[in-house]
Amino acid sequence: MKSFNERCYEILRRVPKGKVTTYKDLAKAMNTKAYRAVGNAMNKNPYAPEVPCHRVIQSDGSLGGFASGTKKKIQMLKAEGVEIINGKINLDKYRYKLR
DNA sequence: CGGTTGACCAAGT
DNA sequence: GACTTGGCCAACC
């Protein structure tokens, strides 16, 4: 039985470059409501380059947090082709449909 | 087992 | 729009 965290990583790792998802959707995809616990998992994320934890944002389109700083997160996403307006992302455009 | 923590969410002020 | 409150759930001590 894998830990809750590893399940997060497995789902998150299939989010393609140039797309994003939200903590809530991620939790929903694994059939739980623990979006908070998901955030915890990301913070600890031991699969740093393998799992794109910077592609996970809040439900309202704002970035949420990032271990190395929110600014870094913005830069990485922009580098992947995601447009960020006023520190927010257009979910209709960039949200990746899980499941 | 209980209490604390957190990269959250929604609704209210 | 900023801040507070209550709710949520897993990990950790």
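All chains are named by letter (A, B, ...) in the order of the sequence lines, taking the proteins before the strands, and each is independently numbered beginning at 1.
- With rounding to whole Å, A:Asp60 atom CG is found 10 Å from C:dG1 atom P.
- One atom, NZ of A:Lys72, and another, C1' of B:dA7, lie 17 Å apart when rounded to the nearest Å.
- In this structure, NZ of A:Lys28 is placed 12 Å from P of B:dC9, rounded to the nearest angstrom.
- Between A:Leu63 atom CG and B:dC8 atom C1' there is a gap of 14 Å when expressed in whole angstrom units.
- Between the CZ atom of A:Phe66 and the CG atom of A:Asn43 there is a distance of 10.5 Å, given to the nearest 0.5 Å.
- Distance A:Asn45 CG to B:dG6 C1': 15 Å, rounded to the nearest Å.
- Within the structure, the side-chain hydrogen bond (donor to acceptor under 3.5 Å, both in side chains) test picks out the following pairs touching residues 49-60 of chain A (sequence neighbours left out): A:Arg13-A:Glu50, A:His54-A:Glu80, A:Arg55-A:Glu80, A:Gln58-A:Ser62, A:Asp60-A:Ser62.
- Summarising the local packing, CD of A:Glu83 is surrounded by 12 or fewer heavy atoms from other residues, nucleotides or ligands at distances under 6.0 Å.
- Few gaps surround CZ on A:Arg7; more than 12 heavy atoms of other groups in view lie less than 6.0 Å from it.
- Contact annotation: the side chain of A:Tyr47 approaches that of A:Glu6 to within less than 4.5 Å [non-hydrogen atoms, C-beta and beyond].
- Heavy-atom nearest nucleotides on DNA chain B were determined for A:Ile57 and for A:Val38, and the one closer to the 5' end corresponds to A:Val38.
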Quick one, give me the B/S/- string for nucleotides 6-13 of chain C, reading 5' to 3', where B means a protein heavy atom under 4.0 Å from the base and S means that only happens at the primed atoms, P, OP1 or OP2. -BBBBS--
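- OP1 or OP2 of B:dC9 lies within a sub-4.0 Å distance of a side-chain N or O belonging to A:Gln58.
- Counting only heavy atoms from C-beta outward, the side chains of A:Tyr35 and A:Asp25 never approach each other to under 4.5 Å.
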